[in-house]
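Comments concern the structure below.
Predicted model only: the values in this text are computed from it and were never measured.
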Amino acid sequence: MRPAPTVLHLDMDAFFAAAEQAAKPSLRGKPVVVGGLGPRGVVATASYEARRFGIHSAMPMAQARRLAPNAAYLVPRFALYRTVSEQVMELLGRLSPLVEPLSLDEAFVDLEAGGSAADAASALATGERLRRDIRAVTGLTGSVGLAGSKMLAKIASEQAKPDGLVLIEPGTERELLGPMSVRTLPGVGPATGEHLRRAGMTTIADLTEAGEDELVRLVGKAHGTSLYRMASGHDDRPVVAERETKSVSVEDTFDVDLHDRVRVRTEVERLAERCVRRLRESGHSGRTIVLKVRRYDFSTLTRSETLRGPTDDPGVVREAAGRLLESLDTTGGVRLLGVGVTGLTDYTQEDLFAQAAADAEAAGALDEPDPVVVPGEPEPRSDTDAVAVADEVAERHWPAGHDVRHAEFGAGWVQGSGVGRVTVRFEEPTSAVPGRVRTFRTDDPDLELSEPLPLVAVPPDGEAGPRAPV
């Protein structure tokens, strides 16, 4: 434990939903839910207005719609969220070289390492400056917790929500933690919490009163010792600037169970391609390919294959995932598929067979590839026809909440689509009033998807927000 509250935890408020409200003037102050919109979709984030209806993260989207049928339901726009996250992380980097991101919207900062704070007063001033700068640069709000440890700083930021700052003075930890639920402590999930409840321990004060020996008896040596230390307010975990990436994976849940084996294979290959793109973006390659299949009855099967060396070749990953699929029984239907790569490294050992195949393909020695079959469309007669069909399907796909631009009306976002029509509200983040709504044919040549607009107006010099270090 530090003698001064120089560990900062930042948690952006309802991040995805808040970003959508900032981008869409007509949704400000209204319930907004971001997540998968299909029958099996789940809530990623709900605005505070939507939370009043009982909606929360990880809730089935169908249940959320029943609770708040008039809320705005939007598909996530990760390109926008990443851009805003990078802006926030840049501000944190000005405070200290030790910034530990936990997700797009959450991070720890060691203020002492950056010379940004040495005591409670300077830490408080730094936290307030950070909140002001985040609002100036992104237009969004974040909650800040300050304490002498990571655990307490995170607890403080939870207490600060929304749009607040809480500082926990060193020496007050046990008094603060005592009445809190045992689930507040890191590592205490539903199973451990229930186990402790059956032993008569529901608050953190109950844990300290029970003592370390009793906790070790209940949950084991390592977990029991750690639990007792945290319940007593002790947490010596350092803020780590670079956290090692252990795996890269992607997965999809399908609105309707997949029964066609060919369709399942196609989806696995598509996921493998996405996984490799993410792998390359992280600057890694990997040796072990993992396939995850959740069947119609919610049983989950996982298979893996370890290669001779690390790779980031999409063909190698695709083929390995395909081989793993052949070993699994998917009769009865598949509701979820996932492909991952583990055993990561920073270098790649080329697969000689895959390389030979690639060289042969480039030389025209391989057979003509099988035509692409788009689900729900007639089977194309050639790969050229397949591209045309795929383009046509993409042209008709207008995700709710995504950005568009019309040749005459300018920038807007998709309010809804169906039956050959797409409804667009024409407004921008800087619009003073909600924009007008117009409806078009889904194949209107003047309407196209576009990149997200900045949430805050960019000054003429091209840089938004404060330029001086905070």
Show which side-chain atoms of residues 270-278 pair as donor or acceptor with protein atoms under 3.5 Å away, not counting sequence neighbours.
from	atom 1	to	atom 2	distance (Å)
Arg270	NE	Glu267	OE1	2.8
Arg270	NH1	Asp252	OD2	3.3
Arg270	NH2	Asp252	OD2	2.8
Arg270	NH2	Glu267	OE1	2.4
Glu273	OE2	Arg318	NH1	2.2
Arg274	NH1	Asp252	OD1	3.3
Arg274	NH1	Asp252	OD2	3.0
Arg278	NH1	Ser249	O	3.0

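- In this structure, Asp119 and Ser122 approach most closely via the heavy-atom pair OD1-OG, 2.7 Å.
- The distance from atom CZ of Arg261 to atom OG1 of Thr266, rounded to the nearest 0.5 Å, is 11.5 Å.
- Judged as a ring pair (Phe, Tyr, Trp, His ring centres under 6.0 Å), not a single pair has a partner in residues 258-279 (not counting sequence neighbours).
- Using a 4.5 Å heavy-atom threshold, the side chains of Val166 and Ser157 count as separate.
- Shortest non-hydrogen contact noted between Met89 and Pro101 is CE-CB, 4.2 Å.
- Contact record, Pro314 with Arg280: CD-NH2, 3.3 Å, taken as the closest heavy-atom pair.
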Compile the donor-acceptor pairs under 3.5 Å between side chains in residues 62-75 and protein atoms, sequence neighbours left out, one pair per line.
from	atom 1	to	atom 2	distance (Å)
Tyr73	OH	Ala64	O	2.9
Tyr73	OH	Arg65	N	3.4
Tyr73	OH	Ala68	O	2.6

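- Rounded to the nearest 0.5 Å, atoms CG (Asp11) and CD (Glu158) are 6.0 Å apart.
- Nearest heavy-atom pair, Val248 versus Ser282, reported as atom, atom and distance to 0.1 Å: CG2-OG, 4.2 Å.
- Side chains of His284 and Val341 form no contact here, defined as non-hydrogen atoms less than 4.5 Å apart.
- Under 4.0 Å is where a charged nitrogen must lie from a carboxylate oxygen, and between Asp257 and Arg295 no such pair does.
- Shortest non-hydrogen contact noted between Ala46 and Ala14 is O-CB, 3.7 Å.
- In this structure, Arg82 does not pair ionically with Glu86, as no charged nitrogen and carboxylate oxygen lie closer than 4.0 Å.
- Residues meeting the salt bridge (charged side-chain N to carboxylate O under 4.0 Å, His left out) test with Glu128, sequence neighbours left out: Arg131.
- Rounding to the nearest 0.5 angstrom, the gap separating the CZ atom in Phe15 from the OG atom in Ser103 is 8.5 Å.
- Of all non-hydrogen atoms in Leu98 and Ala113, the two that sit nearest each other are CD1-CB, 3.6 Å.
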Counting only pairs under 3.5 Å, give me each side-chain donor-acceptor contact of residues 169-177, with atom names and distances, residues two or more places apart or in other chains.
from	atom 1	to	atom 2	distance (Å)
Thr172	OG1	Glu169	O	2.6
Glu173	OE1	Gly171	N	3.0
Glu173	OE2	Gly171	N	3.1

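- Judged as a ring pair (Phe, Tyr, Trp, His ring centres under 6.0 Å), the pairs with a partner in residues 93-146 (not counting sequence neighbours) are, in order, His9-Phe108.
- For the pair Leu8 and Leu130, the minimum side-chain heavy-atom distance is below 4.5 Å.
- With sequence neighbours excluded, the residues forming a ring-ring contact (aromatic ring centres under 6.0 Å, His included) with Phe78 are Phe16, Tyr81, listed by chain and number.
- Here the side chains of Pro179 and Thr203 are not in contact, with every heavy-atom distance at 4.5 Å or above.
- Listed by first then second residue, pairs satisfying salt bridge (Lys or Arg N to Asp or Glu O under 4.0 Å) with a partner in residues 329-344 number zero, not counting sequence neighbours.
- Between Thr330 and Leu325 there is a side-chain heavy-atom pair separated by less than 4.5 Å.
- At a threshold of 4.0 Å, the pair Lys161-Asp13 counts as salt-bridged, since one of the basic side-chain nitrogens sits closer than that to a carboxylate oxygen.
- Looking only at atom types and distance, the side chain of Thr306 has no donor-acceptor partner in the side chain of Arg287 under 3.5 Å away.
- Put simply, the side chain of Leu95 reaches to within 4.5 Å of the side chain of Thr126, judged on heavy atoms.
- Of the candidates Asp105, Val137, Ile134, Ile134 is the only one forming a side-chain contact (heavy atoms from CB on, under 4.5 Å) with Val88.
- In this structure, the separation between CD on Glu305 and OG on Ser327 is 9.5 Å, given to the nearest 0.5 Å.
- The side-chain heavy atoms of Val182 and Thr202, taken from C-beta on, include no pair separated by under 4.5 Å.
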Enumerate, atom names and distances included, each donor-acceptor pair closer than 3.5 Å involving a side-chain atom of residues 215-223, sequence neighbours excluded.
from	atom 1	to	atom 2	distance (Å)
Arg217	NE	Glu214	OE1	3.1
Arg217	NH2	Glu214	OE2	2.7

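- Between the side chains of Asp297 and Ser299, at least one donor N or O lies within less than 3.5 Å of an accepting N or O.
- Contact of the Val293 side chain with the Leu324 side chain is not registered, since no non-hydrogen atoms from C-beta on lie closer than 4.5 Å.
- Side chain to side chain, Glu427 and Trp413 meet the donor-acceptor criterion of an N or O pair below 3.5 Å.
- Taking 4.0 Å as the cut-off between side-chain N and carboxylate O, Glu251 and Lys292 count as a salt-bridged pair.
- Salt bridge present: Arg265 and Glu326 bring a charged side-chain N and a carboxylate O closer than 4.0 Å.
- Sorted by first and then second residue, the salt bridge (Lys or Arg N to Asp or Glu O under 4.0 Å) pairs involving residues 135-156 (not counting sequence neighbours) are Glu100-Lys150, Glu106-Lys154, Arg135-Asp163.
- Listed by first then second residue, pairs satisfying ring pair (Phe, Tyr, Trp, His ring centres under 6.0 Å) with a partner in residues 45-70 number zero, not counting sequence neighbours.
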Please list, one pair per line, the donor and acceptor atoms closer than 3.5 Å that link side chains of residues 27-34 to other protein atoms, with sequence neighbours excluded.
from	atom 1	to	atom 2	distance (Å)
Arg28	NE	Gln21	O	3.0
Arg28	NH2	Ala22	O	2.6
Arg28	NH2	Pro429	O	2.7
Lys30	NZ	Ser26	O	3.3

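- Under the 4.0 Å criterion applied to side-chain N and carboxylate O atoms, Asp235 and Arg2 are not assigned as salt-bridge partners.
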